[in-house]
Amino acid sequence: MSKKSEFVVVANRLPVDRVTDGDGEASWRRSPGGLVTAIVPVMQRRQGAWVGWPGSPDEDVEPFEAEGLSLIPVRLSARDVEYYYEGFSNATLWPLYHDVIAQPVYRRSLWEVYERVNRRFARAAAEVAAEGAIVWVQDYQLQLVPQMLRELRPDLRIGFFLHIPFPPMELFQQLPWRRDILYGLLGADLVGFQSRDAASNFVRLCRRFCDLRTQGHEVMVADRTVRADHFPISVDANELITLAADPKVQNRAAQIREDLGNPASVLLGVDRLDYTKGIQQRLEAFIELFEDERLKSGDAVFVQVATPSRERVKEYRILRDEIELQVGRANGLYAELGAPIINYMHTSYTREELAALYLAADVMVVTPLRDGMNLVAKEYVACRSDLRGALLLSEFAGAAQELHRAFLVNPYDIGGTKNRMWEAMHASPAERARRMRSMRRRVIEHDVDLWAKSFLDALENGRSGTAGASGR
Ligand code: ADQ
């Protein structure tokens, strides 16, 4: 590899998807999503490179340029995908880091592949990074990369950001490879989390399981100081405001309401189909309002959009079946001909269609059992310049730390959720506007640009305990 980069992002996936046109011609298109939108401008300014998996197993892809980015593919075999991605990342770490909502799988064979694949990512990053470059590693699939990279390239300035929660001691303690993960992360100069609690959990665990000295948010490792801090991620508020102001999107929102039969209340859920998102619990609360005869068909419609996700992992298949059974049963009991009480869509939507759905919804229902942040809550708030929507938000979403004026709920408490849902549906326009105005201020001021900038400023300017940072 000849061309070296001053700024390198390392993530499980490359920020582009392969698309094939009508003539069978394949090309790469930038993936949708906040992370990509936030980081791409920074990369363009700094000759950035992005290291990641292109998305199909057993395929060798040469480094290439797309969307003005330098992309460095990492090859994964079908077995790697099964053991490292579906296995250790999504069947071990994901449930463990989300309060053990599902039972984590602890298998040595998964761990071994996780380690091997992390090393491959670290090598690829080491090869492409210029002397003293900034390397920003993303998320739970790559927690060993910081340490592996530091061993290969002590001159680099390494940052790590975890997009999901970081569990407390009582849970993390279960992980047979707990020390390896902690030391993996400690290879970074700065370890970023979504919440203050997550950062504190990490520091406490380093003290307890690695016997390291800590002070406030800093951990002393040999001759270095590693800083742990929180950087709550956000959305591109301007993009969403523009989208929501587009007459095409607004007309589509009106059309959606009409298609739903213009009920008094439209409630909306938008999630990856994941057991952490609390989809069953929120639908249960909604269905009980019919059972209790507080609602009848025509009063309210729930639109649940569930993006297909991780369908090769067993828990996800079971969850899909359970939700589909629940929806079918509820409609069977309470719907009238041509007017289901729950509209369930197992599909992905464009940004325009999502914005139209947000505008059509009187109550946005975001009730995860645990969530690092939850961008859907912030997207909804950004879209509602009209101040007319209400947000029902779980206390267990990172977003609840910032959006205090949402209708907050404990999603495990079905009775409480049901009453709060009712309250949100019947709140006066003045109350909705008051709450929404305050939440919008937060989301607009703390957008995704500020998130990326805060992290990178802290990484570049933060105190470094080592000469390895090469004078930066
Ligand atoms: P996720 O668990 O994927 O992210 P979330 O933050 O809600 O959860 O982001 C989902 C994104 O996908 C949103 O931008 C949303 O608009 C989009 N999306 C969802 N359903 C869609 C659909 N049907 N069609 C199109 N787009 C859809 C992880 C963590 C979160 C954390 C983020 C970012 O679990 O806690 O907020 O990373 O750090």
Side-chain angles (χ1 to χ4, degrees), residues 9 11-13 15 17 31-39 89-90 93-99 101 136-142 160-167 192-195 197-198 230-237 239-240 243-244 268-279 303-310 313 316 319-320 323 343-359 361 364-383 391 393-394 396-403 443 446-448 451-452 454-455:
V9 169
N12 174 55
R13 279 296 309 272
D17 298 315
S31 320
L35 179 68
V36 175
T37 318
I39 297 180
S89 298
N90 288 326
L93 294 171
W94 181 268
L96 176 66
Y97 283 26
H98 287 89
D99 290 357
I101 296 166
W136 192 4
V137 184
Q138 307 286 329
D139 228 359
Y140 63 104
Q141 302 93 350
L142 300 175
F160 179 92
F161 186 77
L162 185 71
H163 290 259
I164 67 174
F166 196 75
F193 299 91
Q194 301 274 27
S195 72
D197 287 348
H230 67 290
F231 302 88
I233 199 167
S234 192
V235 294
D236 185 347
E239 180 231 11
L240 291 158
L243 208 55
L268 174 68
V270 173
D271 311 80
R272 272 187 313 96
L273 208 162
D274 195 297
Y275 51 78
T276 59
K277 301 293 184 183
I279 300 173
V303 178
Q304 176 63 55
V305 179
T307 319
S309 185
R310 306 178 190 167
V313 180
Y316 289 77
L319 177 74
R320 179 176 171 186
I323 291 174
N343 280 257
Y344 163 79
M345 330 294 283
H346 183 245
T347 181
S348 235
Y349 283 124
T350 60
R351 300 300 288 163
E352 287 73 16
E353 184 70 1
L354 266 190
L357 280 164
Y358 291 148
L359 290 185
M364 183 78 220
V365 186
V366 181
T367 52
L369 302 175
R370 177 60 75 190
D371 215 331
M373 177 54 61
N374 196 293
L375 295 179
V376 169
K378 292 187 171 181
E379 288 168 2
Y380 179 70
V381 166
C383 281
L391 174 65
L393 180 62
S394 162
F396 296 91
Q401 304 291 316
E402 297 172 80
L403 306 178
V443 171
H446 291 79
D447 68 355
V448 72
W451 168 76
S454 313
F455 184 92

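Counting from 1, the numbers follow the sequence of the chain as shown. Remember, it's 1-based here, ligands and their atoms both numbered in the order they're listed.
- By the 4.0 Å heavy-atom criterion, Glu353 is excluded from the residues contacting ligand 1.
- Separating the CG atom in Leu268 from the CG atom in Leu357 is a distance of 5.5 Å, to the nearest 0.5 Å.
- Polar contact with ligand 1: present for Gly372 (N/O pair, distance under 3.5 Å).
- Heavy-atom proximity to Leu354, at under 4.0 Å, picks out these atoms of ligand 1: 16 (O), 25 (C), 26 (N), 27 (C).
- Residue contacts with ligand 1 for His346 are absent, since no atom lies close enough (heavy atoms, distance under 4.0 Å).
- Inter-residue side-chain proximity for Gln194 and Phe161 is flagged as met; some heavy-atom pair is nearer than 4.5 Å.
- The residue from Val448, Thr307, Thr350, Leu357 that puts a heavy atom closest to atom 20 (N) of ligand 1 is Thr307.
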**Request:** Test His446 against Lys378 for side-chain contact (heavy atoms from CB on, under 4.5 Å), laying out the working first.
**Result:** CA-CA 10 Å; His446 291 79; Lys378 292 187 171 181; 5.9 Å; no
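- Applying ring pair (Phe, Tyr, Trp, His ring centres under 6.0 Å) to Tyr140 and the options Phe160, Tyr97, Trp94 leaves one that passes, Trp94.
- Heavy-atom contacts of Glu379 reach the following atoms of ligand 1: 13 (C), 14 (O), 15 (C), 16 (O) (cutoff under 4.0 Å).
- Contacts between Val305 and ligand 1 below 4.0 angstrom, taking non-hydrogen atoms only, involve the side chain exclusively.
- Between Tyr349 and Val270 there is no side-chain heavy-atom pair separated by less than 4.5 Å.
- With a 4.0 Å cut-off on non-hydrogen atoms, Trp94 touches ligand 1 through its side chain and not its backbone.
- For the pair Ile233 and ligand 1, the shortest N or O to N or O distance does not fall below 3.5 Å.
- Note that OH of Tyr358 is 6.5 Å distant from CZ of Arg351, once rounded to the nearest 0.5 Å.
- Within ligand 1, counting atoms from 1 as listed, the ones closer than 4.0 Å to a heavy atom of Gln194 are 31 (C), 38 (O).
- Considering only heavy atoms from C-beta on, Leu354 stays 4.5 Å or farther from Val376 through its side chain.
- Counting heavy atoms closer than 4.0 Å to ligand 1, residue Thr347 contributes backbone atoms (N, CA, C, O) but none from C-beta onward.
- Considering both main-chain and side-chain atoms, His163 comes within under 3.5 Å of ligand 1 through a nitrogen or oxygen pair.
- Using a 4.5 Å heavy-atom cutoff, the side chains of Lys277 and Asp371 are in contact.
- For the residue pair Asp197/Ser195, the side-chain donor-acceptor check at 3.5 Å is not satisfied.
- Counting heavy atoms under 4.0 Å from ligand 1, residue Met345 does not touch it at all.
- Residue-ligand proximity, Arg272 to ligand 1, at heavy-atom distances under 4.0 Å covers atoms 1 (P), 2 (O), 3 (O).
- Geometrically, ligand 1 and Leu375 share a nitrogen or oxygen pair separated by less than 3.5 Å.
- Counting atoms of ligand 1 from 1 in the listed order, those under 4.0 Å from a heavy atom of Val376 are 7 (O), 15 (C).
- Which parts of ligand 1 touch Val270 is read off a 4.0 Å heavy-atom cut-off, strictly below it: atoms 19 (C), 20 (N), 21 (C).
- Side-chain N or O atoms of Asp139 include none that pairs as donor or acceptor with a backbone N or O of Gln141 at under 3.5 Å.
- Side chain of Gln304 to main chain of Tyr344: no donor-acceptor pair is present (N/O by atom type, distance under 3.5 Å, no hydrogens or angles).
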